[in-house]
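Step one of this worksheet: look at the structure below.
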Amino acid sequence: MSSRQVNIVLNNLKDLNDLLNGYKFSFLPREGNIKLEFGKIDESEKSKWQNKLQQYYFACGCKEGSMSSIIFFVVYWLYIIIFEGIQRIMNWEVWALSIVFLFAGAVIGKAIGLIYSRYALIIAVRKLILAVSRNS
């Protein structure tokens, strides 16, 4: 088992709140499972919530990072071609800056993806608490 592997079992509403308190913002992706042991919701609902919580809790921001990396790279090259001319393509500084924009886009996109996942997790936990409270 990897040291990044985390298995979480949620038995009650306090565990749900602890899930939010135990969440750590990290650029290194974690893996694991979240299992709901509430007796107050049916199995299909439980499965839906488990998947949603896992998706947000173990998000790595990779999809957002790769998308913004590509966008930064393409926008930079479009700027160079449109405003500075096609002849600038042969300049090593342009290539070096394109790599910088590629990495900057990846880091910024990953951070945005992780921040989004954090807030989505908070919203999902609040909705689950409401759903469990109604079924009590």
Side-chain angles (χ1 to χ4, degrees):
M1 184 185 296
S2 168
S3 64
R4 302 295 301 166
Q5 181 77 22
V6 179
N7 292 312
I8 300 169
V9 178
L10 303 172
N11 296 309
N12 52 42
L13 296 179
K14 182 188 177 307
D15 289 345
L16 269 175
N17 286 319
D18 290 345
L19 180 73
L20 291 178
N21 296 334
Y23 179 85
K24 292 185 177 40
F25 188 84
S26 173
F27 275 90
L28 300 173
R30 292 172 294 198
E31 297 175 359
N33 295 308
I34 294 179
K35 185 158 179 64
L36 294 175
E37 295 292 332
F38 295 173
K40 300 173 183 173
I41 55 177
D42 63 37
E43 287 303 313
S44 64
E45 273 294 295
K46 198 179 288 189
S47 177
K48 180 186 92 165
W49 284 110
Q50 285 175 169
N51 292 337
K52 189 176 283 202
L53 292 174
Q54 279 179 200
Q55 175 187 354
Y56 297 136
Y57 191 84
F58 297 111
C60 70
C62 298
K63 182 175 67 171
E64 294 85 354
S66 62
M67 286 302 298
S68 68
S69 180
I70 292 168
I71 291 169
F72 274 52
F73 185 78
V74 169
V75 167
Y76 174 71
W77 276 101
L78 286 173
Y79 171 82
I80 293 298
I81 291 170
I82 293 170
F83 294 107
E84 295 191 19
I86 195 105
Q87 66 276 11
R88 290 273 294 156
I89 290 177
M90 299 309 288
N91 190 334
W92 71 271
E93 294 164 338
V94 170
W95 285 96
L97 273 175
S98 67
I99 292 171
V100 168
F101 276 101
L102 196 68
F103 283 115
V107 170
I108 291 169
K110 187 170 180 84
I112 290 170
L114 290 171
I115 291 167
Y116 168 79
S117 293
R118 169 71 175 154
Y119 286 108
L121 177 66
I122 291 169
I123 291 168
V125 166
R126 288 180 181 166
K127 286 182 178 180
L128 178 55
I129 289 171
L130 283 174
V132 169
S133 298
R134 280 191 219 134
N135 290 338
S136 299

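On a predicted model such as this, the values are computed, not experimentally measured, just so you know.
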Is there a donor-acceptor pair under 3.5 Å between the side chain of Ser47 and the backbone N or O of Glu43?
no
Distance from Leu114 atom CG to Leu121 atom CG, nearest 0.5 Å?
12.0 Å
Minimal heavy-atom distance between Val132 and Leu13, with the atoms involved, is CG1-CD2, 3.9 Å
Quick one, Ile70 and Phe73 - any side-chain contact, counting heavy atoms below 4.5 Å?
no
Taking the side chain as everything from C-beta on, heavy atoms only, tell me whether Leu16 gets closer than 4.5 Å to Leu20.
no
Tyr57 versus Arg30, closest heavy-atom pair with distance
O-NH2, 3.4 Å
Residue among Leu53, Asp18, Leu19, Asp15 satisfying side-chain contact (heavy atoms from CB on, under 4.5 Å) with Ile8:
Leu19
Could you check whether any side-chain heavy atom of Phe72 comes within less than 4.5 Å of a side-chain heavy atom of Tyr76, counting everything from C-beta outward?
no
Can you get from Tyr119 to Ile112 by hopping between Ile, Leu, Val, Met, Phe, Trp and Tyr side chains that sit under 4.5 Å apart?
no
Pairs satisfying disulfide (SG to SG under 2.5 Å), at least one member in residues 81-110, at least two apart:
none
Taking atom OH of Tyr79 as the centre, does the number of heavy atoms from other residues, nucleotides or ligands within less than 6.0 Å exceed 12?
no
Closest non-hydrogen atom pair between Ala106 and Ser68, with its separation:
N-OG, 4.2 Å
For a 4.5 angstrom cut-off between non-hydrogen side-chain atoms, does Tyr56 reach Ile123?
no
side-chain contact (heavy atoms from CB on, under 4.5 Å) involving Gln50 - partner list, sequence neighbours excluded
Lys35, Leu36, Lys46
Which atom pairs, one a donor and one an acceptor, fall under 3.5 Å between side chains of residues 91-104 and the rest of the protein, sequence neighbours left out?
{"residue": "Asn91", "atom": "OD1", "partner": "Glu93", "partner atom": "N", "Å": "3.0"}
{"residue": "Trp95", "atom": "NE1", "partner": "Ile89", "partner atom": "O", "Å": "2.6"}
{"residue": "Ser98", "atom": "OG", "partner": "Trp95", "partner atom": "O", "Å": "2.6"}

Sorted by first residue and then second, give each disulfide (SG to SG under 2.5 Å) pair with at least one member in residues 83-117; sequence neighbours left out.
none
Atom pair CD1/CD1 of Ile81 and Ile86 - distance to nearest 0.5 Å:
4.5 Å
Nearest heavy atoms of Cys60 and Lys110, plus distance in Å
O-NZ, 2.7 Å
Please check if the number of heavy atoms outside Lys127 that lie under 6.0 Å from its NZ is greater than 12.
no
Could you state the interatomic distance from CD1 (Ile71) to CD (Glu64), rounded to the nearest 0.5 Å?
11.0 Å
If two hydrophobic side chains count as joined below 4.5 Å and joins carry through other members, does Leu130 share a cluster with Ile41?
no
Looking at every non-hydrogen atom in both residues, tell me the closest pair between Ile80 and Arg88 and how far apart they are.
CG2-CB, 4.0 Å
Please identify each residue that fulfils side chain to side chain donor-acceptor pair (under 3.5 Å) with Gln54, with sequence neighbours left out.
none
Would you say Val107 and Met67 are hydrophobically clustered, going by side-chain heavy atoms of ILVMFWY under 4.5 Å?
no
Which atoms form the tightest heavy-atom contact between Ile34 and Phe58, and what is the distance?
CG1-CE1, 3.8 Å
Run the side chain to side chain donor-acceptor pair (under 3.5 Å) test against Gln55 and tell me which residues pass, sequence neighbours left out.
none
With hydrophobic residues grouped by side-chain heavy-atom distances under 4.5 Å, do Phe83 and Trp77 end up in a single group?
yes
